[in-house]
Amino acid sequence: MFFWSIAIAVTAIACAALLYAGRTRAVNATAAGPVDAHSHFRQLLNEIDQDRATGKLGEAEAEAAKAELAREMVRQRQEDAGPKRDLGRVPTLAGVALTALLAVSLYAFLGRPDLPGQPLAARPEAAARTMTLDDAVKRIEQALQENPADLRGWTVIAPAYLSQGRYSDAVAAYRHVLELGGASPAVETRLAEALLFEANGEGSDEALALLEKAAAGDASDPQPRLYLAAEMTRLGRFEEAARYWQEAIDLAQGDEPWLAAARQGLSVAQNDGEDIGETDQQAMIGQMVAGLAARLEQQGGSIEEWTQLVRAYLVLGDKDKAQAAYDDAVRAYPAAFDRGDLDSLALGGGLTLNGDKP
Amino acid sequence: MAPGASAAMTIELGHFSLILAFAMATVSAMGGLLLWRRGERLAQVLAQASILQFVLVALAFLAVVQAFMTSDFSLKLAAENSHSLKPMIFKISGVWGNHEGSMLLWILILVLFGALVAAFGRRLPADLKNLVLGTQSLLTAAFTGFTVLTSNPFLRLANPPLEGGDLNPVLQDIGLAIHPPLLYAGYVGFSICFSFAIAALVSGRVDQAWARWVRPWAMLSWMFLTLGIAMGSYWAYYELGWGGWWFWDPVENASFMPWLAGTALLHSALVMEKRNALKIWTIFLSIITFSLSLLGTFLVRSGILTSVHTFASDPTRGIVILSILAVLIGGAFLLFAMRSPALRQGGLFAPISREGALILNNLFLATAVGAVLVGTLYPLLLDALAGTSISVGAPFFNLTFGVLMAPLLLVLPFGPLLAWKRADLVAVGQRLIGTAALTIFLTILISALGGVSFSLVPLGLLLGFWVVFGSVAELVERARIGRIPLRESIRRLVGLPRSIWSTAMGHLGLGLTVLGIVSVSAWESELVTTLNPGQTADVAGYTIAFDSFETEQGPNYVADTGRFTVTGPGQGTRQLEAERRTYVATGAPTTEAAISTYGLSQLYLQLGEPLDDTHVVRIWHKPYILLIWIGALVMAAAGALSLTDRRLRVGAPARARRTAAEPAE
């Protein structure tokens, strides 16, 4: 509504300016009229006389020029004397009203008053984008120094450490989370993960204990089981490894990225450590894409999954499907913040950007 | 509400402003063209409307500029054509680096000229003013309507992306930031002459005063067009890497034709103003000049003729613009055919007179326009209609154009010295004897020194010097230099009307350009050779040493850089760098030629493709090439000077007339 009040104010000012111009009596309406014309003809007449005096024109030619000039003057006077009607008030009013009506109705048809402008600097997602992970971590660290008992701070910073590769810091942070009462099977898994990474993949007793506790605590989470299976395989305890692989595979939805690896791990464990060869990579990709597409269409999914699907189509060279998947993704995630990577992928892949349709 | 709220609506307010301007132009066009006899009050409303249209379109344009500057990608145009990482100047020039934005710029200049007529045309008779502003509004309505309905720059994205699409480095050039606005100002300015012509045809009143009102607008537009063409030519010269400064390609010709026609118009309007003659022809030229401008902007550039595919990809847009052109141009010529017999020819005529010379000028210029038009459109039409592809190249244009220009240049110095009405050719010839002698002497001297045999080169030099000295001769003649004391001569020179000065300067500029063209064509040295670092080459007295070759990483490109040391004749050494860049994002290669200026000449160095393990290097020496563009600048400056002459100053015609009536003429 605010937009419309501004727009109508603009229209009103413009109309008022037009009406004002039409209302005022012309100040110099006659200034350019007959007086000018008169002096203009007089001057031409003088020129003819001058030319005749200097011999540029002959007698007959000068007479002819004067006659022509006289005819021109008469014609002009007749035209000026013709009936002249000034513009009345009605046509002015009608024109101004028509202008306003045309503008408002055409804009109502074409405009998008509901859409605010979104300069990049004012968009929250842009601010988030410009703040690097390092900056964020530093700010949280400062806050934690002042208040080490901040459970939320440790919960946030621990995975950040993990993704930055600062594994000892991550271990310490997860320990704080456990100490401050934030324990959960997920946190136990993450701490074990950090311990594993810290030791370059070699599991400690503490890590194994944490993973077993987590697996017991959450019967639906495949992650601790995957770590356990891998760790058991490394230790040569294939029977236990096979059990954990199987449990993880049983928990899978069917299209997890790790599933193929888990199946392979299971067969390796069942054969007491012998690799039995590779499956057909290409067919598996095709199957995965089809499965992912079907699931996303029916149940929806995370933006990462959508991005994965669009990328897969682009890699496979199927631009139409990529466009369709992108359009679906935009419908599912209208906020650009969620779609940062997807939009760059779409731009890079030559897809048409979102929101074009009304 | 907070200012933030109104800032958030800038784009939509801009959209609304553009639509309001469209509505106002539509109603003004109807009012101006249908009710033009209704006198002064209508004229005042129309003038107000013209100024308001400019304000509104300027608001719309600023809204788009603001969206580009702040990277507001909720504007689809910005999302597609801008990028948050562009330097600010290229964010702004990116506004008109695309179809929709360039339409908006075109309209902005159109309404600016309309507003100028409204503001400075207070003394125009009401009837004429109503018709002029009505026609101008009709043009605005047609092109704003086209923009809003088929090429709307204000389309929005509900879910804007975080980054825009375009970071094309090749388009990020200062030349592209300045060249289009100058060229558009030239093209669009001629719309005023068009509107005056329509007004004259509808009202049936054409007199000397009409010519006096039209001439400054023609002069202003011609000046911008001259600058725009020269700028485009120099840009092509340094950026394309082939050392050519004019290619006779359709886009160049499209800007050259209105220039030729505009030049003819300037001269014929002069005859009309002074002698009340050439009325119908002047009106015809006014129409044809703007029609050629429209042809230049839309028909050639939109790709309607050059490529069937562009046309097919957006048939609505192509057909709409074709219909607009057909209605405007066709309508104007129909009106011309119906009304021009009713216009009265006036004035008495002697063949040997200033007006006679100006008619000769118009004859040659008009024929030149025809030749360029045929050469440009014929292959395009043939391709579009019959699918046959032929190419009309530089030889055709050079020959026909050269043949037409030679006699024009030959008679040019006579023109300003001839008196109006009836002149004495023998007397003028006697006054030009000194000029002729000087010209012939210099031509023979230079030809002998340059080792030129009897060919077209001495003829070209002859014409160039003839025009240069001839234009100076007019000043010498009027100041009576050598015949009266020098102090008196200088006093006379200073006291000469600016119109005399601008005539001399305009012709001098043309002569300089001719000399530059002749010199480059005749004495250009070109050397294509393979060089390795450590080797040297000699061209036209310059020694070029290839110092080193490196591959370097630029911000968004990889550059093969060749470093050269040039030893000029007695001028020490200079370091030059020529590059071949490959842009990472697109893989597009560009050449950055090394150009070094020696006086008015230039050395032009281009690093070519690598060949096995050596490098192809092209070296040109371009003697006096800068004269080509200096000449154009002098011509434009002459136009500017002429606009400051009181005779042309709009708004004070009555007094100016008296000043202009010099006894010498």
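Just so we're clear, the structure is a prediction, and the values are computed from it rather than from any experiment. Just so you know, these numbers use all the heavy atoms, side chains as well, and skip hydrogens, waters and symmetry mates. Letters A, B, ... mirror the listed sequences (proteins, then strands); counts begin at 1.
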Restricting to non-hydrogen atoms, name the atom on [X] and the atom on [Y] that form the minimum distance, rounded to 0.1 Å.
{"X": "A:L18", "Y": "B:V45", "value": "CD2-O, 3.7 Å"}
{"X": "B:S74", "Y": "A:G117", "value": "OG-CA, 3.9 Å"}
{"X": "B:L35", "Y": "A:P91", "value": "CD1-CB, 4.4 Å"}

Spatial distance of atom [atom1] ([X]) from atom [atom2] ([Y]) [nearest 0.5 Å]:
{"X": "A:R112", "Y": "B:L75", "atom1": "CZ", "atom2": "CG", "result": "12.5 Å"}
{"X": "A:T11", "Y": "B:M24", "atom1": "OG1", "atom2": "CE", "result": "8.5 Å"}
{"X": "B:E12", "Y": "A:I6", "atom1": "CD", "atom2": "CD1", "result": "13.5 Å"}

Inset, instruction - Report the option among B:T26, B:L59, B:I19, B:L18 that has the most heavy-atom pairs separated by less than 4.5 Å from atoms of chain A. - result: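 Heavy-atom pair counts peak at B:I19.
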Inset, instruction - Determine the option with the most heavy-atom pairs under 4.5 angstrom with chain B, choosing from A:L101, A:V104, A:L110. - result: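 That would be A:L110.
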Inset, instruction - Only counting residues at least two apart or in another chain, list the ones meeting side chain to side chain contact (heavy atoms under 4.5 Å, CB included) with B:T70. - result: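 Once residues adjacent in sequence are excluded, the partners of B:T70 under the side chain to side chain contact (heavy atoms under 4.5 Å, CB included) criterion are A:P119, B:Q66, B:D72.
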Legend entry - Atom NZ of A:K321 with >12 non-hydrogen neighbours under 6.0 angstrom: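 No, NZ of A:K321 has 12 or fewer neighbouring heavy atoms, counting only those of other groups under 6.0 Å.
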Inset, instruction - Decide if atom CE of B:M30 counts as having more than 12 heavy atoms of other residues, nucleotides or ligands within a radius under 6.0 Å. - result: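 Yes, CE of B:M30 has more than 12 neighbouring heavy atoms, counting only those of other groups under 6.0 Å.
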Inset, instruction - Could you list which of residues 93-100 of chain A have a heavy atom closer than 4.5 Å to any heavy atom of chain B, in residue-number order? - result: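 The stretch touches chain B at A:G95, A:L98, A:T99.
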Inset, instruction - Please collect all ring pair (Phe, Tyr, Trp, His ring centres under 6.0 Å) contacts where either partner lies in residues 91-123 of chain A, sequence neighbours excluded, each pair once. - result: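 Found A:F3-A:Y107, A:W4-A:Y107, A:Y107-B:H15, A:Y107-B:F16.
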Legend entry - A:P116 backbone acceptor or donor facing B:R156 side chain under 3.5 Å: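 A pair under 3.5 Å: yes.
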Inset, instruction - Residue by residue, scan residues 46-55 of chain B and write down, ordered by number, those that have a heavy-atom distance under 4.5 Å to chain A; if none do, write 'none'. - result: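 Residues of residues 46-55 of chain B touching chain A at under 4.5 Å: B:Q48, B:A49, B:L52.
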